[in-house]
Amino acid sequence: MTFEEKIYEVLRKVPRGKVTTYKNLAEKIGSKAYRAVGQAMRNNPFAPEVPCHRVVRSDGRVGGFMGKTTGKEIQKKIEMLTSEGVEIIDGKVADFSLRCF
DNA sequence: GAGTCATTCGTTG
DNA sequence: CAACGAATGACTC
């Protein structure tokens, strides 16, 4: 079980309609490698079980989903979040503090 | 073996 | 108040 595997396990526990942050995940597994968390998301060996789109920055920003990485397909994830009940406004999570797992 | 990456915190100007 | 650099862990070349 590697560090990233733990990330998937914790992220997997996040209920639908809620979001979490890289920092929160890293702290939950007992590490401060926030960046490593993003790495795990980038790999995303678990497609639907580990919703990387449910993970956002500490500021509530979606992070590397928009404007970075591939570019367009990312926006589809935003719509998926909205469909789940997570509103994304200006690339940020609405009521992020309330939805933070 | 070295470099990269979807972040966050701490210090300096 | 704003900007830059450092740290962390796995993956790829």
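Numbered from 1 within each chain, the chains take letters A, B, ... in sequence-line order.
Pair assignment for C:dA3: B:dT11, on the basis of Watson-Crick or G-U wobble contacts that are both within less than 3.5 Å. Taking a pair to require two hydrogen-bonding distances under 3.5 Å in either a Watson-Crick or a G-U wobble arrangement, C:dT8 remains unpaired.
Taking atom CE of residue A:Met1 and atom C1' of nucleotide C:dG9, one finds them 16 Å apart after rounding to whole Å. One can place CZ of A:Arg57 at 6 Å from P of B:dT8, the figure rounded to the nearest angstrom. Remark: P of B:dC9 and CG of A:Asn24 are 11 Å apart, rounded to the nearest angstrom. Straight-line distance from the NZ atom of A:Lys28 to the P atom of B:dT7: 20 Å, rounded to whole Å. Rounded to a whole Å, the CZ atom of A:Arg35 is 12 Å from the P atom of C:dG9. The interatomic distance linking A:Met41 (CE) with C:dT8 (P) rounds to 20 Å, in whole Å. Atom CD of A:Gln39 and atom C1' of B:dA6 are 7 Å apart (whole Å). Going from atom CZ of A:Arg42 over to atom P of B:dT7 covers 11 Å, rounded to whole Å.
The side chain of A:Tyr34 sits closest to B:dC9 out of B:dC5, C:dA10, B:dC9. Of the candidate nucleotides C:dA10, B:dA6, B:dT8, B:dT8 has the atom lying nearest to any side-chain atom of A:Asp59. Listed nucleotides: C:dA10, B:dT8, C:dG9. Nearest to the side chain of A:Ala33: C:dG9. With C:dT8, B:dT7, C:dA10 as the candidates, the nucleotide lying closest to the side chain of A:Lys32 is C:dT8.
Annotation: side chain of A:Arg57 is not in contact with side chain of A:Lys23 (no heavy-atom distance under 4.5 Å).
With respect to A:Glu84 and A:Lys18, no salt bridge is recorded, no charged nitrogen being found less than 4.0 Å from a carboxylate O.
The only member of A:Val86, A:Val14, A:Val55, A:Asn24 that meets side chain to side chain contact (heavy atoms under 4.5 Å, CB included) when paired with A:Val19 is A:Val86.
Residue A:Ser31 places no side-chain N or O under 4.0 Å from the OP1 or OP2 atom of C:dT8.
Around the CD atom of A:Glu87, the shell of radius 6.0 Å holds no more than 12 heavy atoms that belong to other residues, nucleotides or ligands.
Here the CG-OG distance, from A:Leu25 to A:Ser31, works out to 11.5 Å after rounding to the nearest 0.5 Å.
The base of B:dA6 sits within donor-acceptor range of the side chain of A:Tyr22, with an N or O pair under 3.5 Å.
Comparing A:Lys23 and A:Ala36 by the nucleotide of DNA chain B whose heavy atom lies nearest to each, the residue mapping closer to the 5' end is A:Ala36.
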